[in-house]
Amino acid sequence: MSDIPEPEQPALLGLDDVPGPRKDAPKGRARSGRPGKAALGTTPVADELPVARVVLDLQPAHLDRPYDYLVPAPMADDARPGVRVRARFGPQEVAGYVVERRETSDHDGRLVPLKRVVSADPVLSEAVLRLARAVADRYAGTLADVLRLAVPPRHARVEKEVLAGLGADDAEDGPAAASDAGPGTDTVSGALPGAVSAWSAYLGGEAFCRHLLAGEAPRAVWTPLPGLAPPAGDGPAHVPHWAAAVAEAARATIAGGRRVLIVAPDARDVERVVTALGEAGVDDVVRLLADDGPAPRYRAFLRARHGLADVVVGTRAAMFAPVPDLGLVVLWGDGEDTLAEPHAPYPHARDVLALRSDLEGAAYLLASPGRTVQAQALLASGWAREIAAPRDVVRARAPRVRALTSVELAAEGPGAAARLPTAAWRAARDGLARGPVLVQVPRTGYLPVVACARCRTAARCAACHGPLGMTRPTAAPQCSWCGRLAGGWRCDECGDTRLRAVRVGSDRTAEELGRAFPGTTVRVSASSAPGGVLDRVGAQPALVVATPGAEPVADGGYAAALLLDAAVSTAGTGLATATEALHRWLAAAALVHPAHAGGQVLLVGDAAPTPTGALVRYDPAGLADRELTERRELDLPPAVRVAAVTGDRQAVDAVVARVGLAGPDTVLGPVELPDAEPRRGATLDPQVRAVLRVPLAQGAELAAQLRASLAVRSARREGGTVRVQVDPKEML
DNA sequence: CCCCTTGGCGAC
DNA sequence: TCGCCAAGGGGA
């Protein structure tokens with residue numbers, strides 16, 4: 001281009017109006033500033049607050065901080081805090097959010113103008129921004145990563161539609177004005193007492209609701225009673241008690257002038273909550289489900305953001321939903337693994353909502369049929385209070401539970417070790433005389449794992465050595481890793497060609513039950529089943545085979561439940577195996593009639609004794625407490641804070657070496673990871689994992705040091721890959 | 001000793 | 001990508 005020196009013209013860039021901190025001798029470019037492109041100088045900057053502080057969507061950890069830009073005059077009104085913008089950052093144009101408008105910048109170089117305000121609607125509320133910062137800090141992640149989880153992608157058509165619905169005034173004044181009136185005060189009479197019947201069975205239950213009504217922020221870990229809520233109309237009972245109670249808590253919060261956020265592990269539970277809310281007279285509800293696709297998801301997000309609903313109910317990602325005047329956060333199903341975010345920095349809904357409750361002064365209600373050791377830790381630390389029913393109430397509402405261990409059945413003689421012992425068969429037959437019977441099977445599919453019929457060697461895929469299974473009675477066995485069909489299979493060890501089942505899935509179980517109970521309807525609720533996962537079944541007698549988490553609600557409740565292959569549920573080596581097994585069993589048991597109405601639950605198969613005992617006693621709290629004590633003794637989370645650093649050996653070493661808290665007492669490993677999954681390509685560098693373990697009080701410091709180390713790593717462009725996970729799922 | 005070229009890196 | 005800065009070499 002032209003070499004002719006241009007005259008100094010700093011005013012064209014607005015430098016006289018908007019310097020960095022006003023120093024006497026601005027150095028560098030600010031002094032010798034020469035506009036590269038004439039166009040830059042032609043647009044004047046905003047008269048008021050000409051600097052926009054912007055959070056950019058940048059990947060590298062060392063760039064994780066706000067940047068200042070000039071606000072061109074035409075964007076002066078639109079570039080408010082919370083709006084999406086695009087701005088030039090070095091070579092490229094990147095997306096971001098304005099987080100603040102300021103008079104000056106502390107940057108002492110030249111400021112570049114914002115490129116574009118993508119939309120004048122401020123989608124990133126201050127509360128969500130603060131939450132995202134807290135989550136990034138807690139999990140040693142970047143703000144950009146968390147914001148990617150928190151704010152769904154924009155959908156222009158939906159945005160137009162929702163903003164038009166707001167009315168011109170509201171759209172101009174922004175969400176603050178829209179929420180000034182508070183949640184629908186018109187729909188609530190304020191008459192709470194008497195309306196909280198679902199809570200009257202609990203110690204502290206009604207008090208919790210009174211606090212909600214009064215606008216306070218109580219925090220509780222709640223173990224709901226099993227069973228269904230009494231039907232609101234003529235139909236059969238089909239709303240779980242827990243959902244009805246959550247709806248009442250929501251109503252109390254709304255009556256107190258605040259809004260509610262409810263997070264559940266899957267879409268069916270979301271739907272159950274929405275139904276319960278409807279029966280409680282709360283209709284102003286928004287569903288926020290990631291599975292719904294971009295348009296409905298963004299519509300729900302915007303409606304929540306603008307305070308158009310009193311209650312937001314959704315799956316995991318809803319934990320970040322912007323809800324003005326938030327008064328209560330509820331997490332249902334704590335212990336389900338869908339509540340752990342699979343994307344960096346891997347936050348868990350339980351912790352995110354706890355941070356939210358602190359930051360936004362909202363009440364916190366953590367509920368689950370079982371109890372996780374993390375929930376127990378919230379109680380043990382005094383952060384939350386327990387809401388539970390007295391033992392005699394639990395006994396009155398719970399079904400009768402029996403564990404059919406082989407020891408117990410030995411008296412029955414042969415057949416005791418069968419998958420369906422005589423006692424279980426009899427219980428099912430008796431139950432079928434009164435209504436539907438639930439059969440819980442830990443595995444989906446037909447025969448998910450098969451072995452050689454003669455020598456019992458596990459059958460493996462010839463191509464990739466993955467385990468073989470059968471998806472249908474007639475089809476050839478198939479590899480569960482690479483999907484290849486293994487026609488003409490022959491055992492490597494003994495040459496036999498016959499296969500036997502190692503694991504029996506839900507589909508095969510249904511087939512077997514059909515033979516054992518001729519003439520009885522058998523339905524399957526599982527992802528592998530033709531009809532998929534069922535939400536609800538009728539009150540007629542039927543065998544309902546379901547995998548854990550896929551149990552339909554039976555109208556009026558099940559007469560009995562058989563929990564098959566119990567040993568499979570407690571066979572894992574994970575730390576949470578026992579509490580997870582109990583969670584599955586209790587979730588099924590909660591759908592069965594109480595004992596006085598003949599409800600019966602049989603646990604079949606030799607499961608570990610501890611969770612078995614806890615099921616028989618109907619005591620998830622006792623099991624969690626026992627596990628927490630053990631974790632304390634072993635210095636395992638949640639008694640301590642841990643962070644896993646996984647990746648190439650060199651990269652892991654480098655990241656760990658820069659962490660000041662990492663010493664001989666706090667670092668475990670690094671150890672080589674066995675690669676469970678077949679990896680494409682030849683032998684890649686082996687992955688290693690180091691675990692950092694510090695007292696809880698140093699958790700924040702550990703995360704900060706890891707963040708700093710990752711920032712150095714990205715600034716230096718150190719090679720390889722590293723993943724940092726604070727409180728990784730497999731260690732909880 | 002100073003100026004100009006060159007390479008690396010930070011990026012508002 | 002783009003431009004700043006620091007380092008280094010060559011010329012005065």
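Fair warning: this is a prediction, and the values are worked out from it, not measured in the lab. Below, chain A is the first sequence line, B the second, and so on; all start at residue 1.
In this structure, A/D108 places its CG atom 14 Å from P of C/dC4, rounding to the nearest Å. The NE2 atom of A/H107 sits 7 Å away from the P atom of B/dA11 (whole-angstrom rounding). Atom P of nucleotide B/dC12 and atom CG of A/L58 are separated by 11 Å, given to the nearest angstrom. The distance between atom CZ of A/R716 and atom P of B/dG10, rounded to the nearest whole Å, is 11 Å. Rounded to an integer number of Å, the gap from CD of A/E93 to P of C/dT1 is 15 Å. Separating the OH atom of A/Y67 from the P atom of B/dG10 is a distance of 11 Å, rounded to the nearest angstrom. One atom, NE2 of A/H62, and another, P of B/dC12, lie 12 Å apart when rounded to the nearest Å. When rounded to the nearest whole Å, the span between OH of A/Y97 and P of B/dC12 equals 21 Å.
Within the structure, ring-ring contact (aromatic ring centres under 6.0 Å, His included) pairs that include any residue of residues 79-106 of chain A comprise A/Y67-A/F89 (at least two apart or interchain).
Between A/A318 and A/R356, the closest heavy-atom pair is O-NH1, 4.4 Å. Contact record, A/L696 with A/A639: CG-O, 3.5 Å, taken as the closest heavy-atom pair.
Side-chain N/O atoms of A/R110 include none lying less than 4.0 angstrom from OP1 or OP2 on B/dG10.
Among the heavy atoms of the strands lying under 4.0 Å from A/R65 is at least one base atom, whether or not backbone atoms are also near.
Salt bridge status for A/D64 with A/R133: absent, with no side-chain N to carboxylate O gap under 4.0 Å. A salt bridge does not link A/E93 with A/R88: every distance from a Lys NZ or Arg NE/NH1/NH2 to an Asp or Glu carboxylate oxygen is 4.0 Å or more.
Residue-environment remark: CD (A/E672) exceeds the threshold of 12 foreign heavy atoms within 6.0 Å.
Residues satisfying the side chain to side chain donor-acceptor pair (under 3.5 Å) criterion with A/S357, sequence neighbours excluded, are absent altogether.
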**Study point:** Nucleotide-level pairing of DNA chain C, given in dot-bracket where Watson-Crick and G-U pairs need both distances under 3.5 Å and | marks other strands
**Key:** .||||||||||.

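The side chain of A/R88 has C/dC2 as its nearest neighbour among B/dC12, C/dC2, B/dA11.
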